[in-house]
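Structure record follows, encoded as structure tokens.
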Amino acid sequence: MNLDRYHQILADLAPHHARLVAVSKTKPATDVQALYDLGQRIFGENKVQEMTSKYEALPQDIQWHLIGHLQSNKVKYIAPYVSMIHSVDSLSLLSEIDRQAAKHDRIIPCLLQIHISGEETKFGLTEEEVFALLNDPSFAQLKNIRIAGLMGMASNTDNEQKINTEFASLKKLFDKLREKYFSEQPSFCELSMGMSSDYHIALRHGATLVRVGSDIFGSR
Ligand SMILES: *Cc1c(COP(=O)(O)O)cnc(C)c1O
């Protein structure tokens with residue numbers, strides 16, 4: 001663990017009023033506890049089972065954010081406790097989150113994951129697909145989810161200009177959707193973008209949540 005980096009990241013985020021999702025995937029619960037003891041409360045995981053076992057082992061006021069691809073059949077395991085799901089990429093997944101959240105009398109904040117990278121391997125909705133989702137009559141029926149914003153991952157590249165362009169496009173889409181669909185809903189306010197290698201770029205484009213793992217916890 002690199003606590004100097006942790007404190008530096010917090011200092012980098014502060015002027016932007018952005019919050020850190022400390023990505024603890026593959027790292028032991030003791031690492032999470034150590035950061036918790038310094039005041040960190042938001043942690044990100046990409047696997048349902050790993051997140052659930054950490055949730056059970058660690059303090060109850062941790063806010064667990066699911067940031068990895070989520071299969072519908074696993075939503076039920078996290079619905080009782082998850083704080084935010086960053087990786088919603090279909091209406092059917094959103095409907096299942098709504099169904100499971102209702103069972104626990106909860107409203108689960110969700111981010112729509114947008115495909116911004118041009119890389120084939122990354123999950124996410126295209127701009128066209130996100131409009132189709134929001135225009136679908138069945139979307140309006142979902143009462144136990146709240147769309148809190150967007151999430152995106154830039155290309156894995158050293159080309160800073162390319163990353164700049166991708167984050168700028170996500171911010172532009174965020175503003176467009178906010179105006180068209182969420183102008184009455186101030187809770188549509190989160191832009192989750194930026195990881196260890198590119199969070200400083202994401203901050204310049206209005207990130208409100210950055211998801212940083214290896215920079216803090218070491219390489220995986
Ligand atoms: C692992 C992961 C991160 C953190 O990546 P680092 O490079 O370790 O900071 C961020 N977002 C998602 C979706 C991830 O899976």
Side-chain angles (χ1 to χ4, degrees), residues 1-13 16 18-29 31-32 34-35 40-55 62-71 74-75 78 82-90 93 97 109-125 130 148-160 162-163 166-167 169-171 174 190-220:
M1 280 232 286
N2 188 338
L3 296 182
D4 287 342
R5 276 304 298 153
Y6 173 65
H7 291 294
Q8 183 58 52
I9 293 163
L10 293 184
D12 291 343
L13 299 186
H16 298 272
R19 287 170 302 147
L20 171 66
V21 179
V23 177
S24 48
K25 65 191 186 195
T26 79
K27 300 298 177 183
D31 282 8
V32 175
L35 223 53
Q40 181 66 30
R41 288 295 178 273
I42 309 177
F43 289 89
E45 290 283 338
N46 68 339
K47 294 213 168 85
V48 164
Q49 201 173 358
E50 185 176 350
M51 189 167 82
T52 302
S53 45
K54 284 176 179 160
Y55 160 71
I62 289 179
Q63 297 160 39
W64 292 103
H65 287 211
L66 198 280
I67 61 172
H69 185 65
L70 177 59
Q71 288 172 286
K74 296 197 173 161
V75 174
I78 62 172
V82 69
S83 252
M84 186 175 280
I85 299 173
H86 289 227
S87 43
V88 174
D89 61 359
S90 72
L93 175 60
I97 296 168
C110 293
L111 305 180
L112 298 174
Q113 183 174 353
I114 309 297
H115 184 98
I116 55 170
S117 74
E119 288 176 5
E120 291 218 343
T121 53
K122 301 264 162 77
F123 294 103
L125 299 155
V130 79
L150 303 181
M151 184 273 247
M153 287 171 86
S155 296
N156 184 10
T157 172
D158 292 334
N159 183 342
E160 193 159 319
K162 186 168 165 58
I163 297 172
E166 292 171 359
F167 285 152
S169 76
L170 186 58
K171 168 65 166 148
F174 175 82
E190 303 289 5
L191 196 45
S192 168
M193 58 186 190
M195 323 190 343
S196 291
S197 58
D198 57 16
Y199 77 84
H200 53 287
I201 306 175
L203 288 172
R204 297 205 292 266
H205 293 283
T208 65
L209 291 167
V210 302
R211 310 176 310 272
V212 178
S214 50
D215 223 10
I216 301 167
F217 293 107
S219 60
R220 293 178 293 270

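All ligand and atom numbering here is 1-based and tracks the order in the structure.
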Show which side-chain atoms of residues 212-220 pair as donor or acceptor with protein atoms under 3.5 Å away, not counting sequence neighbours.
residue: S214; atom: OG; partner: S196; partner atom: OG; Å: 3.3
residue: D215; atom: OD2; partner: R5; partner atom: NE; Å: 3.3
residue: D215; atom: OD2; partner: R5; partner atom: NH2; Å: 2.8

Side chain proximity check, C110 to I97, heavy atoms < 4.5 angstrom: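 C110 vs I97: side chains touch.
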Polar side chain donor-acceptor pair, Q113 to S87, under 3.5 angstrom: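 No, because no side-chain N or O of Q113 sits under 3.5 Å from a partner of the opposite role on S87.
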Distance-only polar pair, side chains of Y6 and Q40, donor-acceptor under 3.5 Å: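 Q40 and Y6 do have a side-chain donor-acceptor pair below 3.5 Å.
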Q49: side chain to side chain donor-acceptor pair (under 3.5 Å) partners, not counting sequence neighbours: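 Q49 satisfies side chain to side chain donor-acceptor pair (under 3.5 Å) with no other residue.
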Those residues that, when tested against K74, pass salt bridge (charged side-chain N to carboxylate O under 4.0 Å, His left out) (two or more places apart):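 So K74 forms no salt bridge (charged side-chain N to carboxylate O under 4.0 Å, His left out) with any residue.
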Please tabulate, one line per pair, the protein nitrogen or oxygen atoms found under 3.5 angstrom from a nitrogen or oxygen of ligand 1, with distances to 0.1 Å, or say none if there are no such pairs.
residue: ligand 1; atom: 8 (O); partner: S214; partner atom: N; Å: 2.8
residue: ligand 1; atom: 8 (O); partner: S214; partner atom: OG; Å: 3.0
residue: ligand 1; atom: 8 (O); partner: R220; partner atom: NH1; Å: 2.8
residue: ligand 1; atom: 8 (O); partner: R220; partner atom: NH2; Å: 3.0
residue: ligand 1; atom: 9 (O); partner: S196; partner atom: N; Å: 3.0
residue: ligand 1; atom: 9 (O); partner: S196; partner atom: OG; Å: 2.5
residue: ligand 1; atom: 9 (O); partner: G213; partner atom: N; Å: 2.8
residue: ligand 1; atom: 11 (N); partner: R211; partner atom: NE; Å: 2.8
residue: ligand 1; atom: 15 (O); partner: K25; partner atom: NZ; Å: 2.7

